[in-house]
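Take a look at the structure set out below.
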Amino acid sequence: MTSSIAAPNQRQRLKAIVGGSTGNLVEWYDWYAYSAFTLYFAQHFFPSEDRTAQLLSAAGIFAVGFLMRPIGAWLMGVYADRHGRKSGLTLSVALMCAGSLLIAVTPSYATIGVGAPLLLVLARLMQGLSIGGEYGASATYLSEMAGRNRRGFYSSFQYVTLIAGQLVAICVLLLLQATLSEAELDAWGWRIPFLIGGGLAVIVFWLRRGLSETQSFAVARAEGAPKSGFIELVTRHPRETLTVMMLTAGGTIAFYAYSIYMQKFLVNTSGLSRETASQINGITLFLFMMIQPLAGALSDRIGRKPLMIGFGVLGVICTYPIFATLAITKDPFLAGLLVMAGLIIVTGYTSINAVVKAELFPAHIRALGVALPYALANTLFGGTAEFVALWFKQIGMEQAFYIYVTVMIGISLVVYIRMRDTQRQSRILED
C-alpha cells in the first residue's frame, strides 16, 4: 500500500457517496420509467387487441436492453478500472440521458410503422449499455469510499438509490394518473417521464464531474497494478467471477419478480386496477428502500453470509406460496402485505450484494469484476424475468414461473453457504 495517498475523511466520504448515489438514482429512474409506463405506451409501438401480447412484446424489448448490459459492463468496467470510478460514472449517465430522450420523442407505430419499435430497441440498447457500466462503477465507488466498519451500511445506498429511482418513476406515474385523464396518458402523457429523466441526467452529468476519486484506485495506479481486462479477469480471478454470477442469479430474479414485474402481475393476474397496483408497488417499494441501510449496517456487525443465507432459505420456502396467494387475492391490503413480505426476504440479497462483490476483487480489476459477471447473470435471469413470467401465463402455466424463481434462489443459496464471508476477508484497501 502507498501510504502517501491519504484516505478520505468522513466529510469527504459523505459528500462523495451522496453525489454518487444521486447519479445512481437518476440512472435507475430512467431505466425503470420504461417498465412503469409500459401499460400505457405498449399500444403505440405494438398494435394488438391482446393486452398480454402487447406487454409481452414490450417486455421482450426490456429484456433486449439487458443484452447490452454485459457489453457495457465489460467496456465501462475496464474504463473505470483504468481511468477512474468518477470517469465511468460520468460516461454512464450521459448514455442514459440520450436513451431516455430518444424514447420521449420517438413517433408511434401508426406514424412511422416498424421504425417505432426499432427506435425503441435502439434507446433500450443505449440504456442497457449505460446501466451495464453504472452498476460496477457505482458499487465499486460506494464500497471503496466507505470505511471498513461501515462498508455494508454505505454500500447499501447503491440499492437505496436503485429502489429510489424506481420509486420516483412510480410517483411520477401516480402524479400523472391523478392529473391527466386515462385518454391523455394513453395518447401522450407517457412521454413526460422520459423527458424528465433526460433533463435530470444532464444535471447529474455535471454533478458527477465534481466527485472525488477513491483511494483504492489512486493506490492501484500509483503502484502500477496490472491493467484491467477480460483475459485478466477470467484467467486470474475465475472463481470470484463465477461466484458473482451464481450469487446474483437467484437474487436478481427474485428482485425483479417482486418489484419490476409485480405491478403487471397485480393487474394482469390478480385483477386489480392499474391505479391500485401502482399504489401498492409505490408503498411497498418505499418501505423496502428504507430497510436497506438497516440490513447493510447489520452486515457490518454479524457478517454478510447470514443475511444472504437468510434470503436463500426464506426465498425457497416462501416464493411459491406468496405468488400463489397473490394470484387469487382481490384485497389490496393483503396484496400489499404479501408483496412486502417478499421484498423483506429479498433484502438479505439487495442490501449487501454490491459490497460482497466488491470485496471479492483487488482494486485494479474491481469495477470489471463486479460489473461483468453481474451483468451476465442479470441478462440471463433478471432481464428475462418479465418475459418468462408473461410467456408462462400466455401458455396457461403461470405457476411454473413461481417454481422457476424458487429453483434459482435455491441454486444461489448453495453458493451463499459455500463462499467465504467477505466482511471478514475483504480485498478492499484497509483504512
Side-chain angles (χ1 to χ4, degrees), residues 32-60 62-63 166-167 169-178 180-186 189-190 253-288 318-346 384-406:
Y32 286 129
Y34 180 97
S35 180
F37 284 85
T38 297
L39 290 167
Y40 293 97
F41 72 70
Q43 60 184 318
H44 293 280
F45 294 93
F46 313 102
S48 172
E49 299 300 321
D50 184 354
R51 169 177 281 184
T52 298
Q54 288 178 342
L55 293 176
L56 188 60
S57 297
F62 186 81
Q166 184 177 357
L167 188 59
I170 295 296
C171 288
V172 170
L173 172 59
L174 292 173
L175 179 62
L176 291 177
Q177 286 174 337
L180 298 178
S181 68
E182 196 81 352
E184 289 172 330
L185 262 175
D186 284 332
W190 61 267
I253 194 171
F255 173 71
Y256 277 92
Y258 282 112
S259 60
I260 299 296
Y261 176 59
M262 186 52 64
Q263 181 197 23
K264 300 173 186 62
F265 182 86
L266 293 175
V267 173
N268 214 26
T269 298
S270 303
L272 300 177
S273 69
R274 290 189 290 190
E275 291 77 10
T276 299
S278 297
Q279 291 167 1
I280 291 173
N281 208 17
I283 293 170
T284 55
L285 282 173
F286 176 77
L287 296 174
F288 180 49
C318 300
T319 295
Y320 192 101
I322 288 175
F323 271 95
T325 307
L326 275 171
I328 60 175
T329 185
K330 303 299 179 184
D331 182 356
F333 182 73
L334 176 59
L337 289 178
L338 289 169
V339 174
M340 195 65 233
L343 290 172
I344 290 173
I345 293 171
V346 177
T384 60
E386 277 194 16
F387 185 86
V388 171
L390 290 166
W391 180 76
F392 276 130
K393 179 175 178 60
Q394 192 173 53
I395 66 174
M397 296 178 59
E398 190 166 22
Q399 291 82 0
F401 178 68
Y402 318 158
I403 298 172
Y404 169 60
V405 176
T406 300

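Treat the numbers as computed from the prediction; the structure is a model and nothing was measured.
Put simply, the side chain of T284 gets close to the backbone of N281: a donor and an acceptor are under 3.5 Å apart. Side chain of S273 to main chain of T276: a donor-acceptor pair is present (N/O by atom type, distance under 3.5 Å, no hydrogens or angles).
Residue T269 holds its OG1 atom at 12.0 Å from NZ of K264, rounded to the nearest 0.5 Å.
Taking the side chain as every heavy atom from C-beta outward, Y40 and L176 never approach each other to under 4.5 Å. Annotation: side chain of I322 is in contact with side chain of Y258 (closest heavy-atom distance under 4.5 Å). Considering only heavy atoms from C-beta on, I280 comes within 4.5 Å of L272 through its side chain. Counting heavy atoms from C-beta on, the side chains of F392 and Y402 never come closer than 4.5 Å.
With sequence neighbours left out, Q399 forms a side-chain hydrogen bond (donor to acceptor under 3.5 Å, both in side chains) with no residue at all. With sequence neighbours left out, F265 forms a ring pair (Phe, Tyr, Trp, His ring centres under 6.0 Å) with Y261, F323.
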Which pairs would a plain distance check flag for residues 326-333, meaning a side-chain donor or acceptor within less than 3.5 Å of a matching protein atom at least two apart in sequence or in another chain?
{"unit_1": "T329", "atom_1": "OG1", "unit_2": "D331", "atom_2": "N", "d": "3.3"}
{"unit_1": "K330", "atom_1": "NZ", "unit_2": "S270", "atom_2": "O", "d": "2.6"}
{"unit_1": "D331", "atom_1": "OD1", "unit_2": "F333", "atom_2": "N", "d": "3.0"}

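Minimum interatomic distance between A385 and Y256 (heavy atoms only, all atoms of both residues): CB-CB, 4.1 Å. Heavy-atom minimum distance, G282 versus L167: O-CD1, 3.0 Å.
None of L185, D186, L175 except one satisfies the side chain to side chain contact (heavy atoms under 4.5 Å, CB included) rule with L180; the exception is L185.
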